[in-house]
*Asks:* 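Let me give you the structure first, and then I'll get to my questions.
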Amino acid sequence: MTFQKPTIPKGSRDFGPSEMAKRDYIFSVIKTVFKKYGYQPIETPAMENLSTLLGKCGEEGDKLLFRILNSGDFLSNVSGNDLKSKDPVKLINLITEKGLKYDLTVPFARYVVQHQNEITFPFKRYQIQPVWRADRPQKGRYREFYQCDVDIIGSKSLLSEVELIKIADEVFNRLGIKVIIKINNRKILAGIAEIMGQAEQMMKITIAIDKIEKIGLDGVKHELLEIGIPQSSIDKLLPILTFTGDFEEKMFLLRDNLSSSKIGLQGVYELETVREYLSFFELSTAVQLDLSLARGLNYYTGAIIEIVAEDMKIGSICGGGRYDDLTGVFGLKDISGVGISFGADRIYDVMDQKDLFSEETSQVTKVMFVNFGEKEEKYCLSIIEKVRKAEISAELYPDHSKIKKQMSYANNKNIKFVAMVGEDEINENKITLRNMTSGEQIRLTLGELISKLQLE
RNA sequence: GUGGUUGUAGCUCAGCAGGUUAGAGCGCUGGAUUGUGGUUCCAGAGGUCGCCGGUUCGAACCCGGUCUUCCACCCCA
């Protein structure tokens, strides 16, 4: 008989107990902070109709969609001519009508419109779910990964931007990750494109600018020329790109340069307001103004935020921004939203590599009872019941195996205490408790055992 | 989507210019120690050399294809 090697699809992963312990820790920190600021959870399905998903993140986004083959006779809509044409784009639309979601923001917009009568605006929600992208996997890039989104929708207030930055700062501070928080505003980028006389090319220009750290100033120039931006326009851009100084100095120079652009000045005003409100909070990380920050998603219209881990080449671990009209395509106008998304898997990678998980994260069982035999295991059952009633996680080894085997089970499972109840202990009505880290052993009554373990 | 890279024991890797029975460390199982793990000593189990095909007297090694891994680009969490 032949059997297949067990495998999972490219870019997907299994998570074992120790990974899950660490992942749960990340999720719980994030959730705790989200809730503290008044956000409520929702979930949406793994799959959405393609009509919801397509066209929201540009052509690139559409390519990254995992599509789901129609059930049953999926060829029923396909004519002989369609088949002969062998046009993959046309055919795939005939045989698929659902896809796996590749972010949480677009399904959220759909949710908001669909449930608008049940929602009190402004609506603050968080959402922690997996998303799927048919990308080619590489470092920090997976085909299935978790996003942790917080959004506030139905308010234009810049307080929301401020709150989200504060939340991000708090999350990373709690996790112990050193980060760089970068902020910019699409209106500023639009203003820059406007004074360049290339307003309609704004997206292409910003994407080129975004690469400045990677390809340098000359690289950006080259890229802009390639996409057909005239030299005269590029000359207007260069001084802005070479701004130096702190937040205030850059803002001052910007206002000067963008004085002829109404939208640009609006962006400057928004950034300044956010900056001012932020000064009322104590942040563990200073927020940097990064004029080269663009972000590819084309639904952003105002503030854009990106957070990267200090000295780690893994891309951004958190990103987001304001979108003024995401619900418009689903028929609900004038609803502005702003949100950020934490990449749980990249956060995990950063923390793992920097060794930021504490030992306790992987501890589940506090005390294991050695199983000496039938008589002893029966005796242990009532004891263990009382230990668990005291909210101490305890387990009894299920087999009458050698003590050596039972001890190494406890050791491998990172169990800190082993309780031994054999004939001697039963006669004395006591329990021998061994500390697996120190090797120290003491005989205790049940009450003493419980109070000792509660302190640990 | 473009370019490159990897695949040998559960894990990390050796394996000389194609030549007999494919190796190490860690882990695992058992014993030294019949109520004591993590240290030490001894023994043992475990491999269609990713898969398919080709060249050759002979292939883990050479060639083609395929899958997979990882990386860069694109883009992104």
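Residue numbers start from 1 in every chain, and the chains themselves are labelled A, B, ... in the order their sequence lines are given, proteins ahead of strands.
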*Asks:* What residues form a side-chain contact (heavy atoms from CB on, under 4.5 Å) with A/Ala410, not counting sequence neighbours?
*Replies:*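 A/Ala410 satisfies side-chain contact (heavy atoms from CB on, under 4.5 Å) with A/Met368, A/Ile415, A/Val418, A/Met436 only.
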*Asks:* Measure NZ/A/Lys204 against C1'/B/rC75 and give the value in whole Å, please.
*Replies:*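 It is 15 Å, rounded to the nearest whole Å.
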*Asks:* Using the P atom as the reference point in each nucleotide, state the distance between B/rC62 and B/rU8 in Å, no decimals.
*Replies:*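 Result for the P pair: 15 Å, nearest Å.
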*Asks:* What interatomic distance, in whole Å, is found between C1' of B/rG18 and the corresponding atom of B/rC61?
*Replies:*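 B/rC61 and B/rG18 have their C1' atoms separated by 6 Å.
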*Asks:* Is there a donor and acceptor pair, one atom on the side chain of A/Asn411 and one on the base of B/rG37, closer than 3.5 Å?
*Replies:*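 Present.
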*Asks:* Considering residues at least two apart in sequence or located in another chain, which fulfil the side-chain contact (heavy atoms from CB on, under 4.5 Å) criterion with A/Glu423?
*Replies:*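 If we apply the side-chain contact (heavy atoms from CB on, under 4.5 Å) test to A/Glu423, skipping adjacent residues, the hits are A/Lys375.
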*Asks:* Keeping A/Arg13 on the side-chain end and A/Glu144 on the backbone end, is there a donor-acceptor pair under 3.5 Å?
*Replies:*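 Between the backbone of A/Glu144 and the side chain of A/Arg13 there is a qualifying donor-acceptor contact (under 3.5 Å).
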*Asks:* Which whole number of Å gives the distance between the C1' atom of B/rC67 and that of B/rC51?
*Replies:*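 My reading of the C1' atoms in B/rC67 and B/rC51 gives 7 Å.
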*Asks:* Is there a side-chain contact between A/Lys378 and A/Glu374 (heavy atoms, below 4.5 Å)?
*Replies:*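 Yes. Closest side-chain heavy atoms under 4.5 Å.
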*Asks:* Applying a 4.0 Å non-hydrogen cut-off, can you work out what A/Gln441 is touching in the nucleic acid: base, sugar-phosphate, or nothing?
*Replies:*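 Contact class for A/Gln441: base.
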*Asks:* Taking for each residue the nucleotide of RNA chain B with the nearest heavy atom, is it A/Lys313 or A/Ser438 whose nucleotide lies nearer the 5' end?
*Replies:*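 Nearest-nucleotide comparison on RNA chain B picks A/Ser438.
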*Asks:* Is the closest basic N to carboxylate O distance between A/Glu428 and A/Arg443 below 4.0 Å?
*Replies:*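 Between A/Arg443 and A/Glu428 there is a salt bridge, with a charged N closer than 4.0 Å to a carboxylate O.
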*Asks:* Once you round it to whole Å, what is the distance between P of B/rG35 and CD1 of A/Ile431?
*Replies:*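 Answer to the nearest Å: 20 Å.
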*Asks:* Give a yes/no answer on whether the side chain of A/Lys10 brings an N or O atom under 4.0 Å of OP1 or OP2 in B/rC70.
*Replies:*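 Indeed not, no polar side-chain atom of A/Lys10 lies that close.
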*Asks:* Reading RNA chain B from 5' onward, which residue's closest nucleotide shows up sooner: A/Lys63 or A/Lys139?
*Replies:*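 The residue whose closest nucleotide sits nearer the 5' end is A/Lys63.
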*Asks:* How does protein contact run along nucleotides 25-33 of chain B, one letter per nucleotide 5' to 3', with B for base contact, S for sugar-phosphate only, - for none, heavy atoms under 4.0 Å?
*Replies:* ---S-SSB-
*Asks:* Would you measure the distance from the C1' atom in B/rA24 across to the matching atom in B/rG47 and give it in whole Å?
*Replies:*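 About 14 Å, rounded to a whole number of Å.
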*Asks:* Run the salt bridge (charged side-chain N to carboxylate O under 4.0 Å, His left out) check on A/Lys124 and A/Glu163 step by step: do they pass?
*Replies:* CA-CA 11 Å; A/Lys124 298 169 80 166; A/Glu163 180 167 283; 2.9 Å; yes
*Asks:* For B/rC74 and B/rU2, measure between their P atoms and round to the nearest Å.
*Replies:*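 Roughly 16 Å separates the two P atoms.
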*Asks:* Are the ring of A/Phe372 and the six-membered base ring of B/rG35 within the stacking cut-offs of under 5.5 Å and under 30°?
*Replies:*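 According to the criterion (under 5.5 Å, under 30°), no, A/Phe372 does not stack.
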*Asks:* Using a heavy-atom cut-off of under 4.0 Å over every strand shown, decide if A/Asp103 touches base, sugar-phosphate, or nothing.
*Replies:*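 A/Asp103: no heavy atom of the nucleic acid under 4.0 Å.
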*Asks:* With A/Phe15, which residues qualify under ring pair (Phe, Tyr, Trp, His ring centres under 6.0 Å), at least two apart?
*Replies:*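 In terms of ring pair (Phe, Tyr, Trp, His ring centres under 6.0 Å), with neighbours along the sequence ignored, A/Phe15 is linked to no residue.
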*Asks:* Is the A/Phe172-A/Phe342 ring centre distance short of 6.0 angstrom?
*Replies:*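 Yes, they do, as the ring centres are separated by less than 6.0 Å.
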*Asks:* Assess whether salt bridge (charged side-chain N to carboxylate O under 4.0 Å, His left out) is satisfied between A/Arg23 and A/Asp345, documenting all intermediate values.
*Replies:* CA-CA 8 Å; A/Arg23 288 172 66 84; A/Asp345 304 80; 3.0 Å; yes
*Asks:* Aromatic rings A/Phe123 and A/Tyr111: how do their planes relate, parallel, tilted or perpendicular, breaks at 30° and 60°?
*Replies:*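 A/Phe123 and A/Tyr111: parallel rings.
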*Asks:* If we ignore angles and hydrogens, is there a donor and acceptor under 3.5 Å between the side chains of A/Gln40 and A/Arg125?
*Replies:*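 No donor-acceptor contact under 3.5 Å links the two side chains.
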*Asks:* Counting only side-chain nitrogens and oxygens, does A/Arg141 get under 4.0 Å of the OP1 or OP2 atom of B/rC70?
*Replies:*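 No, outside the criterion.
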*Asks:* What contact category does A/Phe342 fall into here, base, sugar-phosphate, or nothing, at under 4.0 angstrom with non-hydrogen atoms?
*Replies:*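 No contact.
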*Asks:* Can you pull every protein N or O that's under 3.5 Å from an N or O on nucleotides 3-6 of chain B?
*Replies:*
{"unit_1": "B/rG3", "atom_1": "O6", "unit_2": "A/Arg136", "atom_2": "NH1", "d": "3.2"}

*Asks:* Atom NE2 of residue position A/His222 - does it have more than 12 heavy atoms of other residues, nucleotides or ligands inside 6.0 Å?
*Replies:*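 Incorrect, the count does not exceed 12.
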*Asks:* Which part of the nucleic acid, if any, lies within reach of A/Ile347 when heavy atoms closer than 4.0 Å are counted: base, sugar-phosphate only, or nothing?
*Replies:*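 Contact class for A/Ile347: none.
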*Asks:* What nucleic acid atoms does A/Lys211 come within less than 4.0 Å of, heavy atoms only: base, sugar-phosphate, or nothing?
*Replies:*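 Contact class for A/Lys211: sugar-phosphate only.
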*Asks:* Grab the NZ-C1' distance between A/Lys413 and B/rG38 for me, whole Å please.
*Replies:*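 A/Lys413 atom NZ is separated from B/rG38 atom C1' by 18 Å.
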*Asks:* Touch check for A/Cys318, heavy atoms < 4.0 angstrom, all strands: base, sugar-phosphate only, or nothing?
*Replies:*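 Sugar-phosphate: the residue A/Cys318, judged by heavy atoms under 4.0 Å, touches backbone atoms but no base.
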*Asks:* Expressed as a whole number of Å, how far does the C1' atom of B/rA59 sit from that of B/rC26?
*Replies:*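 That atom pair is separated by 30 Å.
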*Asks:* Respond yes when some side-chain nitrogen or oxygen of A/Gln138 is under 4.0 Å from OP1 or OP2 of B/rC70, and no when none is.
*Replies:*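 Negative; the distance criterion is not met.
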*Asks:* Say we look at B/rU20 and B/rG65: how far apart would their C1' atoms be, to the nearest angstrom?
*Replies:*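 Per the computed distance, 31 Å lies between those C1' atoms.
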*Asks:* Please tell me which of the listed nucleotides, B/rC75, B/rA77, B/rU36, lies nearest to the side chain of A/Ser316?
*Replies:*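 The listed nucleotide nearest to A/Ser316's side chain is B/rA77.
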*Asks:* Is a donor on one side and an acceptor on the other found under 3.5 Å between the side chain of A/Asn93 and the backbone of A/Thr96?
*Replies:*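 No; judged by distance alone, with no hydrogens or angles, the pair does not exist.
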*Asks:* Using the P atom in both, what is the distance from B/rU69 to B/rA22, to the nearest Å?
*Replies:*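 One P to the other, the span is 30 Å.
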*Asks:* According to a 3.5 Å limit on both distances, what stems of 3 or more consecutive Watson-Crick or G-U pairs are formed with RNA chain B?
*Replies:*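 RNA chain B stems, ordered by first number: B:1-4 with B:70-73, B:10-13 with B:23-26, B:28-32 with B:40-44, B:50-54 with B:62-66.
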*Asks:* Give one of base, sugar-phosphate or nothing for A/Glu425, where a contact means two heavy atoms less than 4.0 Å apart.
*Replies:*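 Touches a base.
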*Asks:* Can you tell me which nucleotide in B/rG35, B/rC75, B/rG38 comes closest to the side chain of A/Arg434?
*Replies:*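 Nearest to the side chain of A/Arg434 among the choices is B/rG38.
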*Asks:* Under 4.0 Å between a Lys/Arg side-chain N and an Asp/Glu carboxylate O for A/Lys452 and A/Glu456?
*Replies:*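 Yes, A/Lys452 and A/Glu456 are salt-bridged.
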*Asks:* Taking CD1 from A/Ile227 and C1' from B/rC74, how many angstroms apart are they, rounded to a whole number?
*Replies:*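 Taking atom C1' of B/rC74 as the reference, CD1 of A/Ile227 is at 14 Å.
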